[in-house]
Amino acid sequence: MLLVVQKFGGTSVADADKIKAAAARAVKAKRLGHQVVMVVSARGKKTDELVGLAAEITETPPAREMDMLLSTGEQESVALMAMAVQTLGEEAISLTGGQIGIVTDSTHTKARIRSISTNRMRQALKEGKIVIAAGFQGTDEDFNITTLGRGGSDTTAVALAAVLQADVCEIYTDVEGVFSTDPRMVEAAQKINRISYDEMLELASLGAGVMHSRSIEFADKFRVPIRVRPAYSDAEGTLVAPEPADHLPVVTGVAFVRDEARVSLSKLPDRPGVMQVVLQKMSERKIPVDMIVQDVGDGGLAEVSFTVPQNDLAETLTAAEAAIEELGAGKVLHGTNLSKVSVVGAGMRRHTGVAAQMFQALCDAEVNIGMITTSEIKISVLVSRDQCEAAVHAVHAGFGLHKEHAQTPPLGQAHAPVTGTATFTNEEWENDVIAKLSSMEDIVVSDVRLDREQSLVTISNIPDTPGIAADLFSANAKADVMVDMIVQNISHSGLAHLSFTVPKAQLQTSLDVTRAVAEKWPTAELNSQDHIAKLTVTGIGLRSHTGVGERMFHALAAANINVQLINTSEVRISTVIDLESGEAAHRAVLEAFGLEG
Ligand SMILES: Nc1ncnc2c1ncn2[C@@H]1O[C@H](COP(=O)(O)OP(=O)(O)O)[C@@H](O)[C@H]1O
Ligand SMILES: N[C@@H](CC(=O)OP(=O)(O)O)C(=O)O
């Protein structure tokens, strides 16, 4: 007998027939001898309708009342679902988040789960009932109804699967599974059979709406196997699970966020603590910043840029002004009508040439790149919104993702697996994670790593036109240079600056090939430093918890360490610092996250 959690999204319970079909699926699993917990979302566009209704009454609906309102969508569908199951001859009980015992904090409209009690669900399952849980909701300690943020039913499902130690969490939706990109945008997108948590987490948070990114954090933390499946057939869908040891595709998928805004703080003093002040102002307002890029701009003054959802722009600008005021210097600039396009793939870790191929595809489509950030398993670029679609198509086709077996990049080559990465057994991992959790959604910083083998290449004053990054990184890939962090900040003057790290042993090769390419740009200036260290914090929930960056940069500032370069992703924050400061920085950050000793 298995314990199965089945989540049905809004599109899969939109009308009576779909509700009956979902009920029949749960009943079938029950009759195969399994215990079944269903998690159900509001029907169709119900949540959007409720949001619209509130907007007709007031422009500023109180968050508590929004939660009271939005939670009714799920309450309606669980009741209908229970009736449908009972009609098919099985016993069922519908439960709201509060009735299950999902306790959250009191951050209305984006609450975080603190704990979940399993007693009532286990009792009902023991009595042979199908449990039908309302997704997306809980109650705080004062019994106020809370919701988990749009798309939060996935998070409910995976959280219930985690606490019940379910054998699988099935996410039923209106597509065949997870695709190489949104099939609504690219018809030729291919279904992926298996994807790792890290890849899915990056894809989901970089715009693949098929799953809520926080749900993947849970799945990763508690090792819950997920299967994303179509609600309308018995197809197998996509398995989201730990990374297999080999046969990793270099590129798995392309994600995009259409409506992004960019905020830059320029002419900042280049001294320790600046970044902490900026991030603190953002995290106080719970603004989810992404694509953070910091580099040294004109006249030795630092510049930091990042992207935020377009809807958060006004508040971000207020926060940025507050940071400037506290720092006593700087200027706030911003850009709108931007989109972020990202390529994700776990195999990128071991293969050179991925960045080169992405930039070449963008160049061929005449797409200009505004900003670049990378992590071990993703590369994100910022482009103008009217080029978003062209960029996604170009990159998707450029990696051959429309074919059943995506091709590996023609440039560069595969390298041996990176050694020294933590190897945990599942059980060790879980015990470790649970020991560090005081609340289910706490962040888990699992590793702080110092890499003293990297060097930094900076090329400044290059033209801000399509094809520049492609030229540079193709040359490096042809020479098989293992480029690690790539950072390009926005250009305000028509000339761009680009920095990247390469292993010390490859610095000379990289400089030679980069210089040869740069010759055709008369203004270009090439610099390098081999006296640097890279400090990386790895963990789950880094970006959804806006305070992690703040804590890391606070620790570095307190130790009087200047940060030269920053790169962020869902699971990692990487910085480049002086080699001499490496050990002290490592200690300070380990201590900040309680990992010392
Ligand atoms: N990479 C992707 N793979 C699959 N679907 C995607 C991807 N990116 C975006 N989507 C979109 O996500 C949709 C499913 O999510 P959603 O509309 O929230 O469904 P549900 O109502 O089941 O929760 C699909 O219809 C698809 O258009
Ligand atoms: N109904 C909520 C929660 C949810 O997760 O819905 P869905 O599973 O349809 O994405 C929303 O629309 O945000």
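First listed ligand is number 1; within each ligand, the first listed atom is number 1. Note that the structure is a prediction, hence the values are computed from the model and not measured.
- S41 and S153 form a side-chain donor-acceptor contact under 3.5 Å, judged by distance and modelled atom types alone.
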Under 3.5 Å, N/O to N/O: give me all the pairs between ligand 1 and the protein, one per line with atom names and distance.
from     : atom 1 : to   : atom 2 : distance (Å)
ligand 1 : 1 (N)  : F179 : O      : 3.0
ligand 1 : 3 (N)  : F179 : N      : 2.8
ligand 1 : 19 (O) : T173 : OG1    : 3.3
ligand 1 : 21 (O) : G10  : N      : 3.2
ligand 1 : 21 (O) : T11  : N      : 3.2
ligand 1 : 21 (O) : T11  : OG1    : 3.1
ligand 1 : 22 (O) : T11  : OG1    : 3.3
ligand 1 : 22 (O) : T173 : OG1    : 2.8
ligand 1 : 23 (O) : K7   : NZ     : 3.4
ligand 1 : 25 (O) : D174 : OD1    : 2.9
ligand 1 : 25 (O) : D174 : OD2    : 3.2
ligand 1 : 27 (O) : D182 : OD1    : 2.8
ligand 1 : 27 (O) : R184 : NE     : 2.7
ligand 1 : 27 (O) : R184 : NH2    : 3.1

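- S180 and Q190 share no donor-acceptor pair across their side chains, judged by distance under 3.5 Å alone.
- Each of R25, R229, R227 was compared with E170 under the salt bridge (Lys or Arg N to Asp or Glu O under 4.0 Å) criterion, and only R229 meets it.
- Partners of F8 by ring-ring contact (aromatic ring centres under 6.0 Å, His included), not counting sequence neighbours, listed by chain and number: Y172.
- Within 4.0 Å of ligand 2, protein heavy atoms come from K7, G9, G10, S41, A42, T47, E74, F136, R150, G151, G152, S153.
- Defined by atom type and a distance below 3.5 Å, a donor-acceptor pair is missing between the side-chain atoms of N119 and S117.
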Run the salt bridge (charged side-chain N to carboxylate O under 4.0 Å, His left out) check on D154 and K7 step by step: do they pass? CA-CA 7 Å; D154 290 334; K7 179 255 172 179; 2.9 Å; yes

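- With sequence neighbours excluded, the residues forming a ring-ring contact (aromatic ring centres under 6.0 Å, His included) with F359 are F473, listed by chain and number.
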Take D15 and R43, measure what salt bridge (charged side-chain N to carboxylate O under 4.0 Å, His left out) needs, and give me the verdict at the end. CA-CA 7 Å; D15 55 36; R43 292 187 306 116; over 6 Å; no

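- Side chains of R572 and T538: a donor-acceptor N/O pair is present below 3.5 angstrom, by distance only.
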